[in-house]
Each structure stands twice: as C-alpha cells, then as structure tokens.
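Written out below as structure tokens is the structure these notes cover.
We use all heavy atoms of the structure for the numbers below, so side chains are in, but hydrogens, waters and symmetry mates are not. Here the structure is a predicted model, which is why all the values come from computation and not from measurement. Each chain gets a letter, A, B and so on, in the order the sequences are listed, and its residues count up from 1.
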2 protein chains.
Amino acid sequence: MNLKELSSLLGLSQTTVSRALNGYPEVSEKTRARVIQAAEAHAYSPNTRAQGLATGHSKCIGHVISVSDSAEMVNPIFGDFMAGAGETYSAHGYDMMVTRVGAQDEADTYRNLKARGAVDGIVVHAPRRNDSRMELLDKIGLPYVVHGRSTGVTTPYSWLDVNNTRAFSEATSHLVGLGHKRIALINGQETMDFAIRRRSGYESSLRFAGLTIDPALMSTGEMTEAYGYNQANTMLDLDTPPTAFLVASIICAAGIRRALDERGLRVGRDVSIVTFDDCLSYFANGGDRPVFTAWQSSVREAGATLAEMLIDRIRAPRAPHDTKLWEAAFVEGTSTGPAPSKD
Amino acid sequence: MNLKELSSLLGLSQTTVSRALNGYPEVSEKTRARVIQAAEAHAYSPNTRAQGLATGHSKCIGHVISVSDSAEMVNPIFGDFMAGAGETYSAHGYDMMVTRVGAQDEADTYRNLKARGAVDGIVVHAPRRNDSRMELLDKIGLPYVVHGRSTGVTTPYSWLDVNNTRAFSEATSHLVGLGHKRIALINGQETMDFAIRRRSGYESSLRFAGLTIDPALMSTGEMTEAYGYNQANTMLDLDTPPTAFLVASIICAAGIRRALDERGLRVGRDVSIVTFDDCLSYFANGGDRPVFTAWQSSVREAGATLAEMLIDRIRAPRAPHDTKLWEAAFVEGTSTGPAPSKD
DNA sequence: GCGACATTCCAAAGCGCTTTGACAAATGTG
DNA sequence: CACATTTGTCAAAGCGCTTTGGAATGTCGC
C-alpha cells in the first residue's frame, strides 16, 4: 500500500492525503479523519526512503561504535545506553543506526555517513583527549552531541558528562578519611578523556592529603573483569600492597573482588573497594545495602538525555550549544571500611 | 556532491557514471577508471535513500530489541552480538538498524518496519516457545533469521542455535559424575525457548542418574548478577542446600560466587558451579585455568554467522531454510570439584 | 564501400513521497 | 448581486538514484 493507491482508493489526490496525514491545516477535518481512518485500515506507513528523499532528512540517528583494534572489546555500557537513547528516538519518530568500525577508518565512516545522507545526526561515544571528531563533524556539517568531553578541544560543542574528576576526588577523600594510605587506582584506558579526569581527581585528593602518588598503584586498561582481577593480583603482590582500590567500572570491581576472595581477604574489612557504577541493568548495585560503595550515574538516562539533546540540535543546528555536567551520586555499600591497622 | 554534478563534471551522462560505479560491463574500463577516480576525489557516495528508492531495497538490517516491561533489562549479550553482526554487515555494504520496543507493540513494530520499507530483513532475538513472530514475518514477507529456536513452531525457518539441551544435560552429568546429588538450576526466564531446553537437559540428566527433581532447586528469572546472588542465598538457606549450581549465564554465576564468598564457602570445593558462557568480551572466562567450569559458545560469532545467513536469505528468499546447531565447548575451570562428603 | 555486429554511451521514465503554485468552490463583504 | 477572500483540493515538479530501450560510434568481413 502506497500513497498513490491509498489516494485513488479515497478518491483524493496524493497531495491531500499526504497533507491530511502530516497534519497540515489546508485540509478539512472531515477529510483528514477519513484519510487517517483509511490509512489505519490499510496499514499504510509512508515509505521511509521516499519520504527522506523528498524531505531531505533521514529521520535516523547514527551511533558509531569504535571497536579497539587490540582487544576486540565491546563496551559493556553499550546496551544500556542504547536502550535509553532508543526510547527517546522512537518517541520522536527517529530510527537508530549503529555502525561498527575499526579505529583507523573512523573519519571515513563519519564522512561517508554524511555523504550518503544516511543519518541526520550522530552521537559521539568515548571521546579521547584532543579528539579530532568534533572538528571533523563541524567541518562536514553533521549535527552531533558528545557523551563525555574532550580536553583540548576549544571549539564549542554540545555534551553531557558526569563529573568524573569530582567523583574520583571525593571517592579518594572518602578512603583517605577511613585511614587508607595506599589507595590503588584501577582506571579505564587513559586515551579516553573520562579516564584522564578520573586520574586527575584521584591524584589531586592524594596530594591534598599529603599522600604520595605511586605509579605502581595506578593502572590503565580496558575495563574487563579479567583486567580487574589481574591488576588486583599484581598490586597485592607488592611489598606494600594497597589497602583500598578505586575502580572505574563495576565489571572491573567484580574482578577485584574475585582476586580478594581468592586470597581470603575480606572485602570491606581487609581491603576496601570504591567503584564507579554506570547502573547497568544486568549488574545492579542497589538494595538496602549495596554491594559496592560507589559513585553512580545512570548511563541509560545519559543515553535518553543525549538523544533529546541531539534531536534539539538537529532541529536548530545554529542554536547555542547545550552542555550538562551531571554529578554522580554516592552510595555507601559494604565494600568499604576503615583501613586495617598495621601490626 | 551528487550524481548529476559528478557526471556533468566528467562530461558523461548519469547513466554512464552510475554504471561505471556499480561495475556494469557496458562501460569501457578507461571510462570506469576515470569515473572512479573522480568519485574518490570528490568523496562521492550515492545517496542511500535515493538508491534505496530506485532499487527497492534499503540495504539495511533491523534488530528489534524487546525490553521486558517488568524489569527494564537489557540483555548483556547485546553488545557482543551486534559487534559480530556489524562486522558482517559492513563487509556486505549493509547498515544496521536497532529498534527498541516494549513487548506489547512487537507485532506492530515488525509490520511497520516492513510497511515503511525501512529494512530488508531482520534478526529475531530471544525466541519464546510458540513464538508468533515467525508466522507474522512470513505473512508480511519480511526475510528473517532467528537467533535460537522456537519449540512449537512447525513452519520452517532459518535459525542458528546452540545445543542448549545437550550443554545442560552434559553439565549436569558432569556434576553428577563428581558425586553431586543436590544440583541447583539457576535458569533464565522460562518464557524463552533456550531456557526451556536448558531445563529439559538438566532434568533428563537428573532423571537418568536417578536423582529427584526438586522444584526448590530450580529457579527462573532475568539473568542479572543480583538474581544469581539472591537465588543462591535462598537455596543455600534450605535444610538440604545444593552442593552445586548450574547457571545460565556468567553474569549470574558471578552473583552466585558472591553469595558463596560472603558465606565463606569455597567455590570448587564446598560448592561447585558450572555455567553457560557466551564469551562476552568484557567478562572473559579464559586463560590457562578458567575461573568457571563452563559450556561456552561465542555470541559474537553467532552474530556474525546469523548476519551472513540473513544476507543470503535476502538474496534468495525462496531458497531452502538454513539451520545451524552449534555445540557448545566444554572448558574445565576451577569452579568445580567433587561433592563434599557429608560428615 | 556496405551491411552486420559489438561497443559505448545517453535520454527519459520511474521509485514513493513532499511541496509549490494554481484553481474551483464556498464564504464573506459592500 | 458583483467582487474579494478564504477554504479545500489538485496537477505537476522535484528529491537522487537505477534502469530500460535506444542511438551513435567503431570494427570487421566481404
């Protein structure tokens, strides 16, 4: 069923039917009702491609997922982010397109998406320091919003970020307040801007507390369970092992917990853990007494909000940029306690 | 830059340029080379929508993600599956569209996707018993492949599934062989076909071993970490608690491990765990000695293969259906051991 | 030198929609 | 009742591509 058929069925012109369905005022309410009813009866939905060709926009949002070359890691927050964004998109009649790409073809992918007119806008994921994507997207004129920020990029852009510096600074202070002096940082990949901010929050709090910053207690890598496990083991084997771990993701924290359990160390008594928590739906850290003491911020809500921001941006590409800095929430779980006294 | 501009730039007709780029033989190699070079120089990519309108297909694959109404769970395998499928799609010039939908609007979503001509085919995720989607898709004529199978659906369809029955039957036998008599099943939602098969594999092995099937040792639910934790705690509080857990996902298994650790029970000695493992990139169960004894099958590879199958299907919609039953691989980890002797 | 046959290219139609500009019909105004 | 205005509708153009059905041009054998 297409417009032509539907309109001849109704004895109306394509123009009138199209206008009736798209809510234009030039058509009488009586006709409109008749058209809408017929459209529903025949399950008519305008052909997306034809509509897009005629209007000049695709009503589709792109998400480019860079899969790192080294490890073939898929970011575990991906699903929840998409779920949040997807809800917003469908509410506004947008489709969602996902493109997987190796890091080196990144720029080409963006250019291609624009040239083909495949999407009206995109969400930039996992910004790096001095990320070149914003400049590229500005140049080619593809609207975008950024999930996170990029230190070093001076031209304005729209973003939503969690206050990572503060979360990690406060988390460190919290541990310091509990008497911990050897606090390890199990960070994400420090090519990522958020990881750099997290480290800087951690370092500034250590410095403030007059504690030394020990490179042996800092690690950076892809936030898998195994990475947490391995790093914890390495650090616990040090001559002066850490008494607390500050961790970039709950998946990682699970790995650290495993290492501790295996060594017979009691989490929250022998060794403390504070983690950042993206509120993943399959790894909830909630309840009366959450497992992990954590700074949390829902990646799903971030997805929904960024989607909203992007749609606004597509509607008004010249509007001033919108930026949102969300504060993570602190929840105290069972994974922290006073530093064990040395005997 | 569009076809019209490019062709006038080259002093050729649109026909010739189009044919040159699409590899038709009616154009001399000399001209073709010239055209291709110009196209690259001007970063020309045909407009997707126009191309789709003219050819009648969208070169786009749909993935409909049903988000359960109860819990707002996003399946943790989603990201890895997409990564696998995405690779195949881009290799074949297909885009990937993701639609998030609540369970009740499911049928409408499929119909709409077809009516709008938004996708050329779709992947059916998480089939239920007597799943109605295959019949619907056959009726509306939208090519599809199924990730899993649906008991009760008699019309043929293309699918790829892991031999869940066998994996869970063997896993149970393995535990029985180690002397376990009280083996718990922490299953996924038993509205899902795969969960039903897993249970049946488990039950048949118990029956074969002459062990009683105790409903108190079987649970079904969404496979989150917290679910595993809660179920383990409930069952360990029974008068005659299980000595082994058979688990549907590694995320769940992590929750069970947490419950055990918390109770001071040693995994693999006091209580055994066997889990199904989808080889999630952020929760790898590998190395010399894997953490969990597991039956594993890569969901990422499943994604890549299903994508391939779907593309074939789109090319030849009347071809006989392709079905693939993959056997999961057994890996022995540290999470299993002989049943503790009663004293 | 001429018909036969490839080879190489093109004009134009068509995909299904939106939108412009025009035109009847209905309504209001003096 | 003549005229201006609004209302409701339509035919046709255009979005950027593919593809059909020719039409030139070149090559060859006789």
Side-chain angles (χ1 to χ4, degrees), chain A residues 1-36 38-39 42-60 93-95 112-120, chain B residues 1-36 38-39 42-60 93-95 112-120 141 315:
Chain A
M1 174 62 54
N2 58 22
L3 186 62
K4 198 171 169 183
E5 286 166 37
L6 186 66
S7 44
S8 80
L9 213 98
L10 282 160
L12 290 168
S13 76
Q14 299 190 33
T15 310
T16 305
V17 175
S18 169
R19 301 212 130 143
L21 292 173
N22 291 328
Y24 281 74
E26 297 95 330
V27 56
S28 73
E29 285 310 317
K30 203 178 114 198
T31 328
R32 190 193 304 282
R34 203 160 66 91
V35 169
I36 288 175
H42 296 85
Y44 168 74
S45 294
N47 181 294
T48 310
R49 300 185 301 275
Q51 204 167 29
L53 188 56
T55 58
H57 25 251
S58 60
K59 291 286 261 176
C60 185
Y94 276 85
D95 286 321
N112 191 251
L113 244 26
K114 168 69 180 182
R116 289 163 50 214
V119 299
D120 289 344
Chain B
M1 173 64 54
N2 59 20
L3 186 62
K4 197 171 170 184
E5 285 166 38
L6 186 65
S7 44
S8 80
L9 214 96
L10 282 159
L12 291 167
S13 77
Q14 299 190 32
T15 310
T16 305
V17 174
S18 170
R19 302 212 129 145
L21 292 173
N22 291 328
Y24 281 75
E26 296 94 332
V27 55
S28 73
E29 285 310 316
K30 204 178 113 197
T31 323
R32 190 193 304 282
R34 201 160 66 91
V35 170
I36 288 174
H42 296 85
Y44 168 74
S45 293
N47 181 293
T48 310
R49 298 186 302 273
Q51 204 166 28
L53 188 56
T55 58
H57 23 254
S58 60
K59 291 287 261 176
C60 186
Y94 276 85
D95 286 321
N112 191 250
L113 245 26
K114 168 69 180 180
R116 289 162 52 214
V119 299
D120 289 343
R315 284 202 189 118

How many whole angstroms separate atom [atom1] of [X] from atom [atom2] of [N]?
{"X": "A:Gln14", "N": "D:dA11", "atom1": "CD", "atom2": "P", "value": "9 Å"}
{"X": "A:Leu12", "N": "D:dA11", "atom1": "CG", "atom2": "P", "value": "11 Å"}
{"X": "B:Met1", "N": "D:dC17", "atom1": "CE", "atom2": "C1'", "value": "15 Å"}
{"X": "B:Leu3", "N": "D:dT18", "atom1": "CG", "atom2": "C1'", "value": "9 Å"}
{"X": "A:Arg32", "N": "D:dG8", "atom1": "CZ", "atom2": "P", "value": "10 Å"}
{"X": "B:Leu53", "N": "C:dA13", "atom1": "CG", "atom2": "P", "value": "17 Å"}
{"X": "A:Lys4", "N": "C:dT18", "atom1": "NZ", "atom2": "C1'", "value": "16 Å"}
{"X": "A:Asn2", "N": "C:dG14", "atom1": "CG", "atom2": "P", "value": "14 Å"}

Does A:Thr16 place a side-chain N or O at less than 4.0 Å from the phosphate oxygens OP1/OP2 of D:dC10?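 Yes, within the criterion.
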With a cut-off of less than 4.0 Å, is there a side-chain N or O of B:Tyr44 near OP1 or OP2 of D:dG16?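 B:Tyr44 to D:dG16 OP1/OP2: no side-chain N or O under 4.0 Å.
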At how many degrees, to 10°, do the end axes of the helix from C:dG1-D:dC30 to C:dG30-D:dC1 meet when each uses five pairs?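 The angle separating the two end axes equals 50°.
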Residue pair A:Arg19, A:Thr15: steps toward the side-chain contact (heavy atoms from CB on, under 4.5 Å) verdict: CA-CA 6 Å; A:Arg19 301 212 130 143; A:Thr15 310; 4.2 Å; yes
Per the atom types in the model, does the base of C:dT19 pair as donor or acceptor with the side chain of A:Thr15 at under 3.5 Å?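 By the distance-only test, yes, there is a pair.
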Let me spell it out: for each of B:Ala50 and A:Arg19, pick the nucleotide of DNA chain D with the closest heavy atom. Which residue's pick is nearer the 5' end?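 First, find each residue's nearest nucleotide; the 5'-ward one identifies A:Arg19.
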Residues forming a side chain to side chain donor-acceptor pair (under 3.5 Å) with B:Ser28, sequence neighbours excluded: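 Applying side chain to side chain donor-acceptor pair (under 3.5 Å) to B:Ser28 gives B:Thr31.
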Under a 4.0 Å heavy-atom cut-off, which of residues 21-31 of chain A touch DNA chain D?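 Nucleic-acid contacts, sorted: A:Glu26, A:Val27, A:Ser28, A:Thr31.
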Could you measure the distance from the [atom1] atom of [X] to the [atom2] atom of [Y]? Nearest 0.5 Å is fine.
{"X": "A:Leu53", "Y": "A:Asn47", "atom1": "CG", "atom2": "CG", "value": "10.0 Å"}
{"X": "A:Ser45", "Y": "A:Asn2", "atom1": "OG", "atom2": "CG", "value": "12.0 Å"}
{"X": "A:Thr55", "Y": "A:Asn22", "atom1": "OG1", "atom2": "CG", "value": "10.0 Å"}

Measure from the side chain of [X], starting at C-beta and using heavy atoms only, and say which of [options] lies closest.
{"X": "A:Asn47", "options": "C:dC17, C:dC10, D:dG16", "answer": "C:dC17"}
{"X": "B:Ser13", "options": "C:dC17, C:dA11, D:dT18", "answer": "C:dA11"}
{"X": "B:Gln51", "options": "D:dT18, D:dC10, C:dT19", "answer": "D:dT18"}

So what does A:Ser18 hit on the nucleic acid, given a heavy-atom distance under 4.0 Å: a base, only sugar-phosphate, or nothing?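 If one applies the 4.0 Å heavy-atom cut-off, A:Ser18 turns out to touch a base.
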Main-chain N/O of [Y] paired to [X] side chain as donor or acceptor, under 3.5 Å:
{"X": "B:Ser18", "Y": "B:Gln14", "result": "no"}
{"X": "A:Thr48", "Y": "B:Arg116", "result": "yes"}
{"X": "A:Arg49", "Y": "B:Gln51", "result": "no"}
{"X": "A:Ser58", "Y": "A:Asp120", "result": "yes"}

Kindly indicate whether the side chain of B:Val35, heavy atoms from C-beta on, has any atom under 4.5 Å from the side chain of B:Leu10.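 Yes, at least one pair of side-chain atoms sits under 4.5 Å.
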